[in-house]
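Reviewing the structure listed below.
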Amino acid sequence: MHKLRVIFDTDPGLDDAIALLFLLGARDEIELLGVSCVAGNVGIEAVSRNARIICEWADRRDVEVYAGAARPLVRHLVTAEHVHGKTGMEGAPMHTPSMALQAAHAVDFIIDTLRREPAGTVTLCPVGPLTNIALALLKAPDIAPRIRQIVLMGGAYFAGGNVTPAAEFNFYVDPHAAQQVLHAGIPLVMLPLDVTHKACTSARRVAALASLPNHCGPLAASLLTSFERHDVKKFGQIGAPLHDPCAVAYLLDPALFQGREVNVEVETDSPLTQGHCSVDWWGTSGRASNALYITEVDADAMFARMAQAMINLP
Ligand code: BDR
Ligand code: CA
């Protein structure tokens, strides 16, 4: 079977951790070329450590993990310890990873991989601030036409914001990077809050993971329980939106999702609405579309797919 070849760009992060476990469990369908880390939910040292811890939970010390940008392109770094805890993975069993971080910078890893692999074969899946991807495109514009597609978690329009009333966290942290990536002329799929808020945890969905006869299923369930605490309080609903795993589910099965080709612009200047996405849902601007903007998901099928993948983990 033809495998998708993917670079996963991430800032773990509890939902990033679930997404990476999901991806590692789907190894028959996805070839993970490497994990590039970016400062976001917590600082660069913590996210680079967390990514390796997650790989070790899955017994995948062979995965190459790279540290990338320590701060956004223009702004100072804003983190989300209030959601993910001080370590970035509150409630998770932490250890000092035995696998080493790769020596190269994540941005160079992205550039070198795209230049080395046949054009059109590598998909980027960023689920944190888009700093690494923007830096790679700035440093090596020749890689843009070589990227098969970008499937990212970030942005919001109909759902409002989750870090300010106007903005989603990943786009708020580095709006300049988001705007640049959206205008790089690369086929791009956006999984914004509008869809992730329709893929929420529930007692039944978490229990399905908890009952898997391995170590990683119950571990994922406990991470979700920790992740839920903050969101349930904040959004007043019974479960937490499973943001980053939506991007992995899309890679595996785009038919679970629905969206529209639209123009998306990101606010970079206004202090009030920084990181806000102006999504031209009704085509009123006349601007060319630059993203497939996803708004619908078959959440039951997505959670089932996740459990099905995680059963392949130790
Ligand atoms: C995004 O923000 C982060 O806190 C999550 O990991 C996710 O990538 C959701 O807004
Ligand atoms: Ca994330």
Side-chain angles (χ1 to χ4, degrees), residues 7-23 35-44 46-48 50-51 54 65 68-69 72 77-92 106 124-133 150-175 177-178 181 189-201 220 223-224 226-235 237 239-251 266 274-277 294 297:
I7 294 175
F8 188 63
D9 190 83
T10 181
D11 60 336
L14 288 163
D15 60 323
D16 301 73
I18 302 291
L20 183 50
L21 289 174
F22 186 6
L23 200 146
V35 175
S36 50
C37 299
V38 64
N41 286 321
V42 282
I44 191 66
V47 295
S48 310
N50 293 352
I54 299 160
V65 177
L77 177 65
V78 175
T79 52
E81 276 94 358
H82 60 290
V83 180
H84 301 267
K86 226 172 147 179
T87 62
M89 298 199 297
E90 184 155 278
L124 303 183
C125 182
V127 296
L130 288 162
T131 321
N132 283 342
I133 313 299
I150 297 178
V151 176
L152 68 88
M153 189 281 132
Y157 183 62
F158 300 105
N162 62 355
V163 61
T164 70
E168 179 279 330
F169 180 77
N170 292 337
F171 275 38
Y172 176 77
V173 172
D174 201 338
V181 170
V189 181
M190 254 178 97
L191 287 299
L193 296 185
D194 305 310
V195 66
T196 66
H197 280 222
K198 294 173 184 166
C200 289
T201 56
L223 296 183
L224 286 179
S226 181
F227 186 51
E228 273 178 351
R229 274 187 215 123
H230 171 267
D231 278 352
V232 167
K233 211 161 97 201
K234 178 171 175 184
F235 298 112
Q237 54 194 28
L242 218 46
H243 309 290
D244 297 347
C246 283
V248 177
Y250 185 92
L251 291 177
V266 185
Q274 190 159 265
H276 174 74
C277 293
I294 303 293
V297 59

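All ligand and atom numbering here is 1-based and tracks the order in the structure. As the structure is a computational prediction, the values presented were derived from the model and not from experiment. In this chain, numbering begins with 1 at the start of the sequence shown.
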What's the atom name of the N, O or S in Asp244 nearest to the Ca ion (ligand 2)?
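In Asp244, the heteroatom (N, O or S) nearest the Ca ion (ligand 2) is OD2.
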
Kindly give the atom name of the N, O or S atom of Asp11 closest to the Ca ion (ligand 2).
OD1

Under 3.5 Å, is there a donor-acceptor pair between the side chain of [X] and the main chain of [Y]?
X	Y	result
Glu90	Gly85	no
His84	Gly13	no
Thr196	Leu242	no
Asp16	Asp11	yes
Asp194	Phe158	yes

Just which atoms of ligand 1 are under 4.0 Å from any heavy atom in [X]?
X	answer
Asp16	6 (O)
Asn170	1 (C), 2 (O), 7 (C), 8 (O)
Glu168	1 (C), 2 (O), 9 (C), 10 (O)
Phe169	2 (O), 3 (C), 4 (O), 10 (O)

If you measure every N/O of His243 against every N/O of ligand 1, is any gap under 3.5 Å?
no

Contact (N/O only, under 3.5 Å) between Val127 and ligand 1:
yes

What is the nearest protein non-hydrogen atom to atom 8 (O) of ligand 1, stated with its residue, atom name and distance?
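Protein heavy atom with the smallest distance to atom 8 (O) of ligand 1: Asp244 OD1, 2.6 Å.
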
For atom 6 (O) of ligand 1, what is the nearest protein heavy atom, given as residue, atom name and distance?
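Of the protein heavy atoms, Asp15 OD1, 2.6 Å lies nearest.
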
The Ca ion (ligand 2) to Asp16: any N/O/S contact under 3.0 Å?
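Within the cut-off used here (under 3.0 Å), Asp16 does place an N, O or S atom near the Ca ion (ligand 2).
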
Does any N, O or S atom in Phe169 come within less than 3.0 Å of the Ca ion (ligand 2)?
no

Evaluate side-chain contact (heavy atoms from CB on, under 4.5 Å) for Val38 paired with Thr10, printing each intermediate quantity in order.
CA-CA 6 Å; Val38 64; Thr10 181; over 6 Å; no

Run the numbers on Ile7 and Cys125 for side-chain contact (heavy atoms from CB on, under 4.5 Å), then give the verdict.
CA-CA 6 Å; Ile7 294 175; Cys125 182; over 6 Å; no

Looking at Val35, Asp244, Ile54, which one forms a side chain to side chain contact (heavy atoms under 4.5 Å, CB included) with Pro12?
Ile54

Distance-only donor-acceptor check, side chains His243 and Asp15, under 3.5 Å:
no

Heavy-atom distances under 4.0 Å decide this one: backbone, side chain, both or neither, for Asn162 against ligand 1?
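Only the side chain of Asn162 comes within reach of ligand 1.
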
Below 4.0 Å from any atom of ligand 1, is there a heavy atom belonging to Asn41?
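Yes.
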
